[in-house]
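A quick write-up on the structure given underneath.
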Amino acid sequence: MQRTQVAIVGAGPSGLLLGQLLAKSGIANVVIEQRSADYVLGRIRAGVLEQTCTDLLRAAGVHARMDAEGLPHDGVCLAFGGRLERIDLHGLTGKRVTVYGQTEVTRDLMDARRSAGLSTVYEADEVAVHDFLDGSAPRVSWLKDGQRHELQADFIAGCDGFHGVCRASVPAEKISLHEKVYPFGWLGLLSDTPPVHEELIYVHHERGFALCSQRSTTRSRYYVQCSLDDKVENWSDEAFWHELRLRLPAEVADKLVTGPSLEKSIAPLRSFVAEPLQFGRLFLVGDAGHIVPPTGAKGLNLAASDVGYLWQALEGFYAGRAGEVDHYSQRALARIWKAERFSWSMTTLLHKFPDNGTFGTKMQLAELDYLFSSQAAMTAVAENYVGLPM
Ligand code: RFL
Ligand code: PHB
């Protein structure tokens, strides 16, 4: 049987960043992923990185391309009731965010892992985790090319996303799940067209939410709120651009440059937290332990802060401070719940809810009007958007 110190299940950003940071601290690890590397890179997801996340990527030594190509953003815009307003993130908090896609972060982490010669198993079938609740020798097993493999470790990091096997392997009586599912989704479109605005625009509109985001000065990412039974096949590029234009303020819509989509997909919106995040020798990290709706741009950033806490805890353990691993769950959850609150509140503020009625819509517009009349309210949004301290 193979042996390592930390077995990492999942090669998304959580698993790859944890692997890189542990390796920097001299802690051996193996990553086991059920998909191919190309499949992982094909998923178009997050675009906005907080400073806590860029600091961790820097600590992992994975920052050269992010520094060269990432776009620092000092502000973010909100459109509602025919107005286009700006929150001065940097002026209000002294911090900024970086626009650099999750695909690029993942690619950089994969390249660094390969260069460092660290062990990664892609296309592992039937991944299973064993013996983590009691004792100190948990195992991960999988099938690859028809052969069964087993890896023994000191710890297992469950970085395998919302649909992974790690959380599902915890006995039901040992875990509490808190969930809210929203009655809509986001239809996203990626295109090689210049972004409509230099900063992101979050849009409250009577037809539904929209978001103008970007990946670079030549690549745009747009979203429109859609119904849960919408199918991506039923949305032509033309229909998407038409719907987006209808939701944008006129001065923005006039500048929109359209083009063929490179990718289009629908994501459901969910808030979800599992408690605790440690089960003996198994830790849940990132989307395996919690989900936020994308409205606050927090999912990837929370995954990164979980990784930061777990890295510190495991470093402590291997430096002879065995008890530190037992603080991971509590420390990570304190930050997670605050990001859950922010993501839920931004989602509630900006989307069209089927049961809202005119009163609900008036409340949203009153809150938006208040936000831009109050430095205190704007500062509260800004400090959450740039990321609370770790
Ligand atoms: P991931 O990225 O889902 O990776 C998990 C990996 O585990 C693998 N896996 C398994 N491997 C082995 N055995 C098994 N049984 C396995 N089951 C699964 C999977 O194949 C996968 O490779 O989780 P991770 O690493 O925790 O990373 C989390 C982030 O991906 C996620 O939080 C963000 O993408 C969320 N998110 C955003 N976050 C931000 O911080 N800022 C944003 O702007 C932002 N925008 C978004 C988003 C997510 C979106 N979608 C589609 C959900 C926009 C969208 C549309
Ligand atoms: C994105 O660019 O994909 C993106 C940006 C901000 C969000 C969500 C998604 O809040």
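The residues of the chain are indexed from 1 along the displayed sequence. Remember, it's 1-based here, ligands and their atoms both numbered in the order they're listed.
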Heavy-atom distance to atom 10 (O) of ligand 2: which of Tyr385, Tyr223, Tyr222, Tyr202 wins?
-> Tyr202
Phe155 and Phe132 aromatic centres sub-6.0 Å | no
Residue list, ring-ring contact (aromatic ring centres under 6.0 Å, His included) with His130, at least two apart or on another chain = none
What is the nearest protein non-hydrogen atom to atom 8 (C) of ligand 2, stated with its residue, atom name and distance?
-> Pro294 O, 3.3 Å
Take the angle between the ring planes of Trp186 and His351 and call it parallel below 30°, perpendicular above 60°, tilted in between.
-> parallel
Pair Ser191, Arg219: side-chain N/O donor-acceptor within cut-off below 3.5 Å | no
Give a yes-or-no answer on whether the side chains of His204 and Gln364 include a donor-acceptor pair shorter than 3.5 Å.
-> yes
Could you tell me, for ligand 1, which of its N or O atoms are under 3.5 Å from any protein N or O, listing the pairs and their distances rounded to 0.1 Å?
| unit_1 | atom_1 | unit_2 | atom_2 | d |
| --- | --- | --- | --- | --- |
| ligand 1 | 2 (O) | Arg45 | NH1 | 3.0 |
| ligand 1 | 3 (O) | Arg45 | NH1 | 3.0 |
| ligand 1 | 11 (N) | Gln34 | N | 3.3 |
| ligand 1 | 17 (N) | Gln34 | NE2 | 3.4 |
| ligand 1 | 20 (O) | Glu33 | OE2 | 2.6 |
| ligand 1 | 20 (O) | Arg43 | NH1 | 3.3 |
| ligand 1 | 22 (O) | Glu33 | OE1 | 2.6 |
| ligand 1 | 22 (O) | Glu33 | OE2 | 3.3 |
| ligand 1 | 22 (O) | Arg43 | NH2 | 2.6 |
| ligand 1 | 25 (O) | Pro13 | N | 3.3 |
| ligand 1 | 25 (O) | Ser14 | N | 2.9 |
| ligand 1 | 25 (O) | Ser14 | OG | 3.1 |
| ligand 1 | 26 (O) | Ser14 | OG | 2.7 |
| ligand 1 | 26 (O) | Asp287 | N | 3.0 |
| ligand 1 | 30 (O) | Arg45 | NH1 | 3.1 |
| ligand 1 | 30 (O) | Gln102 | NE2 | 2.8 |
| ligand 1 | 32 (O) | Asp287 | OD1 | 2.7 |
| ligand 1 | 32 (O) | Asp287 | OD2 | 3.3 |
| ligand 1 | 32 (O) | Gly299 | O | 3.3 |
| ligand 1 | 32 (O) | Leu300 | N | 3.3 |
| ligand 1 | 34 (O) | Gln102 | OE1 | 2.6 |
| ligand 1 | 38 (N) | Gly299 | N | 3.2 |
| ligand 1 | 38 (N) | Leu300 | N | 2.8 |
| ligand 1 | 40 (O) | Ala297 | O | 3.2 |
| ligand 1 | 40 (O) | Gly299 | N | 3.2 |
| ligand 1 | 40 (O) | Leu300 | N | 2.6 |
| ligand 1 | 40 (O) | Asn301 | N | 3.1 |
| ligand 1 | 40 (O) | Asn301 | ND2 | 3.3 |
| ligand 1 | 41 (N) | Ala297 | O | 3.3 |
| ligand 1 | 43 (O) | Gly47 | N | 3.2 |

Pairing of Arg58 and Asp67 as salt bridge, 4.0 angstrom limit | yes
Is Ala297 touching ligand 2 with its side chain, its backbone, both, or neither, if touching means heavy atoms under 4.0 Å apart?
-> both
So, do Tyr122 and Tyr39 have ring centers that fall under 6.0 Å from each other?
-> no
The salt bridge (Lys or Arg N to Asp or Glu O under 4.0 Å) partner of Asp111 among Arg107, Arg114, Arg113 is Arg114
What do you reckon, are the aromatic ring centroids of His178 and Trp337 less than 6.0 Å apart?
-> yes
For ligand 2, which atoms have a heavy atom of Leu200 less than 4.0 angstrom away?
-> 5 (C), 6 (C)
Should you measure from each heavy atom of Thr295, which atoms of ligand 2 turn up under 4.0 Å away?
-> 10 (O)
Side chains of Tyr202 and Tyr385, donor plus acceptor under 3.5 Å | yes
State, without any angle test, whether Glu104 and Thr106 hold a side-chain donor-acceptor pair at a distance under 3.5 Å.
-> no
If you measure from each non-hydrogen atom of Arg215 to ligand 2, which part falls under 4.0 Å: side chain, backbone, both or neither?
-> side chain
Consider every N or O of Ser213 and every N or O of ligand 2, then say whether any pair is closer than 3.5 Å.
-> yes
Select one of side chain, backbone, both or neither to describe which atoms of Val99 lie under 4.0 Å from any atom of ligand 2, heavy atoms only.
-> neither
Would you say the side chain of Val121 lies within less than 4.5 Å of the side chain of Trp142, judging by non-hydrogen atoms?
-> yes
Checking heavy atoms under 4.0 Å, the part of Ile44 that sits near ligand 2 is neither
Check if Met346 has a non-hydrogen atom at a distance under 4.0 Å from any atom of ligand 2.
-> no
Using a heavy-atom cut-off of under 4.0 Å, does the side chain or the backbone of Tyr100 touch ligand 2, or both, or neither?
-> neither
Please confirm whether Arg45 comes within less than 3.5 Å of ligand 2 when only nitrogen or oxygen atoms on both sides are compared.
-> yes
Taking only heavy atoms of Val48, which atoms of ligand 2 are found under 4.0 Å from at least one of them?
-> 5 (C), 6 (C)
